[in-house]
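What follows is a set of notes on a single structure, which appears directly below.
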Amino acid sequence: MLLQQAYATTTTLKSQSGPWPRRSRSPSSSSAHEEPHPDYLNTTITQFKLREWGFVIVRTTYSSDTKWAEFISILNENVRHWFTVHNHQHLSHLLPKHVFTVIQDPAKLNKANLGVTAQVFHDWVHSPQAKAEREGTVFTENWIYSPRYDFYVLADERTVNQIVRLHTIRQPLPPSDAIFRYDFLFNVKIVHAQQVEAYRQAGDSWEGWPEEHRHGNGINDNREVIEEEVDGDDIEDLVKRVKIFEIVDLYAVLANDLDMWFNLYSPRGVIVNV
């Protein structure tokens with residue numbers, strides 16, 4: 001398996017016996033998500049003594065290295081944009097510490113399903129490389145509290161192609177265009193790795209799920225399917241989409257409180273107003 005560091009400028013995880021409890025997803029709910037101050041990103045990196053931060057990317061498409069390179073470039077561009085444009089210049093010292101670590105293995109990960117990608121991510125979290133980057137931090141073998149080790153970007157072919165295509169469409173537009181008509185589609189998948197493992201261990205049914213997550217092309221190809229539909233909220237607990245220009249905001253939200261994942265309002269699976 002190959003690990004690639006894609007820079008923006010240049011454990012044992014807490015075990016779960018079953019799916020984590022769901023919380024309200026209504027934007028008007030009293031427990032709805034409230035955006036933390038972006039300075040919390042600086043606070044958590046400082047307090048936890050982190051040398052690196054940023055989501056890990058699991059690559060499941062290998063049809064075009066050219067598109068892949070452009071996809072990574074677009075992600076990095078949006079991370080830089082967050083610091084330079086959205087009044088976060090005072091946090092610019094965090095940019096050199098940002099890194100997209102790419103896990104790629106064409107033999108194992110090409111068109112891989114959620115179960116496979118979550119397991120590969122889990123293996124990486126426990127790998128010598130990941131343990132080495134945690135040396136000197138406050139994390140221990142039994143306590144890690146960071147979105148970098150609980151969530152990952154699932155970069156499949158559809159997502160990569162869509163991001164590259166929409167970026168091409170968007171480029172000629174003037175910067176003054178505050179609202180882009182395709183912004184809702186300009187997003188990537190974020191997977192909650194522990195939730196995937198929790199559902200796999202619980203043996204819950206995947207009938208009624210989108211085709212990409214179903215049995216046979218989904219979580220666990222070797223398990224017996226239960227004839228029962230899964231609540232639509234359960235899909236949302238495992239996979240959400242975030243607009244790529246809000247990926248740093250999402251990381252900051254989860255760094256503040258990993259359980260905020262369950263509060264994020266995401267109609268049609270896309271997180272709104274991180």
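Listed by chain and residue number, Phe139, Trp143 satisfy the ring-ring contact (aromatic ring centres under 6.0 Å, His included) test with Phe48 (two or more places apart in sequence, or in another chain).
Two residues are said to be in side-chain contact when any heavy atoms from C-beta on lie closer than 4.5 Å; Arg241 and Lys189 meet this criterion. When side chains are defined from C-beta on, Val56 does not count as touching Val153, because their heavy atoms never get closer than 4.5 Å. Taking 4.5 Å as the limit, some side-chain heavy atom of Leu264 sits within range of a side-chain heavy atom of Leu250. The shortest distance between side-chain heavy atoms of Leu154 and Thr159 does not fall below 4.5 Å. Residues Asp150 and Gln194 form a side-chain contact, since some pair of their non-hydrogen atoms from C-beta on lies under 4.5 Å apart. For the pair Glu77 and His167, the minimum side-chain heavy-atom distance is below 4.5 Å. Considering only heavy atoms from C-beta on, Gln195 stays 4.5 Å or farther from Val239 through its side chain. Between Glu246 and Val253 the shortest side-chain heavy-atom distance does not fall below 4.5 Å.
Contact record, Val164 with Lys67: CG2-O, 3.7 Å, taken as the closest heavy-atom pair. Considering every non-hydrogen atom in both Thr61 and Asn110, the closest pair reads CA-OD1, 4.4 Å. Closest heavy-atom contact between Asp105 and Tyr62: N-OH, 2.8 Å. Of all heavy-atom pairs spanning Ser146 and Leu258, the tightest one is C-CD2, 4.0 Å. Taking all atoms of both residues into account, the shortest heavy-atom contact from Thr137 to Leu50 is CG2-CD2, 4.0 Å. Scanning all heavy atoms of the two residues, the minimum distance from Thr44 to Ala255 falls at CG2-CB, 3.8 Å.
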- Between Val58 and Leu109, does a side chain to side chain contact (heavy atoms under 4.5 Å, CB included) hold up when you go through it step by step? CA-CA 8 Å; Val58 179; Leu109 288 172; 4.1 Å; yes

- Message: The test is side chain to side chain contact (heavy atoms under 4.5 Å, CB included); show your working for Arg165 and Thr168 and say whether it passes.
- Response: CA-CA 5 Å; Arg165 180 173 58 87; Thr168 302; 5.7 Å; no

- Glu141 and Lys131: CA distance, side-chain angles, deciding distance, side chain to side chain contact (heavy atoms under 4.5 Å, CB included) verdict: CA-CA 9 Å; Glu141 187 69 15; Lys131 289 181 179 179; 3.7 Å; yes

- Message: Between Thr60 and Lys111, is the side chain to side chain contact (heavy atoms under 4.5 Å, CB included) condition met? List the steps.
- Response: CA-CA 5 Å; Thr60 66; Lys111 299 180 180 179; 5.9 Å; no

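When ring centroids are compared, Trp53 and Tyr251 come within the 6.0 Å threshold. Between His192 and Phe151, the distance separating the two ring centers is shorter than 6.0 angstrom.
Checking Asn42 against His93 by side-chain atom types alone, a donor-acceptor pair falls below 3.5 Å. In this model, no donor atom of one side chain and acceptor atom of the other lie less than 3.5 Å apart for Ser73 and Asn76. In summary, the side chains of Ser63 and Glu157 do present a donor paired with an acceptor at a separation below 3.5 Å, with no hydrogens or angles considered.
Ion pairing between Arg148 and Glu133 holds under the 4.0 Å rule for side-chain N and carboxylate O.
Distance check: Gln162 CD to Phe71 CZ gives 10.5 Å after rounding to the nearest 0.5 Å. To the nearest 0.5 Å, atoms CH2 (Trp261) and CD1 (Ile271) are separated by 5.5 Å. Here His81 contributes atom NE2 and His88 contributes atom NE2; the two are 10.5 Å apart, rounded to the nearest 0.5 Å. With values rounded to the nearest 0.5 angstrom, Ile103 atom CD1 is found 10.5 Å from Lys108 atom NZ. If you take CH2 on Trp82 and CD on Gln89, they are separated by 10.0 Å, rounding to the nearest 0.5 Å. Here the CZ atom belonging to Phe55 is positioned 4.5 Å from the CD1 atom belonging to Ile190, to the nearest 0.5 angstrom.
The side chain to side chain contact (heavy atoms under 4.5 Å, CB included) with Tyr152 is formed by just one residue from the set Thr117, Val125, Ile57; it is Thr117. Considering Val248, Asn187, Val188, Asp249 as possible partners of Val242, the one that fulfils the side chain to side chain contact (heavy atoms under 4.5 Å, CB included) test is Val188.
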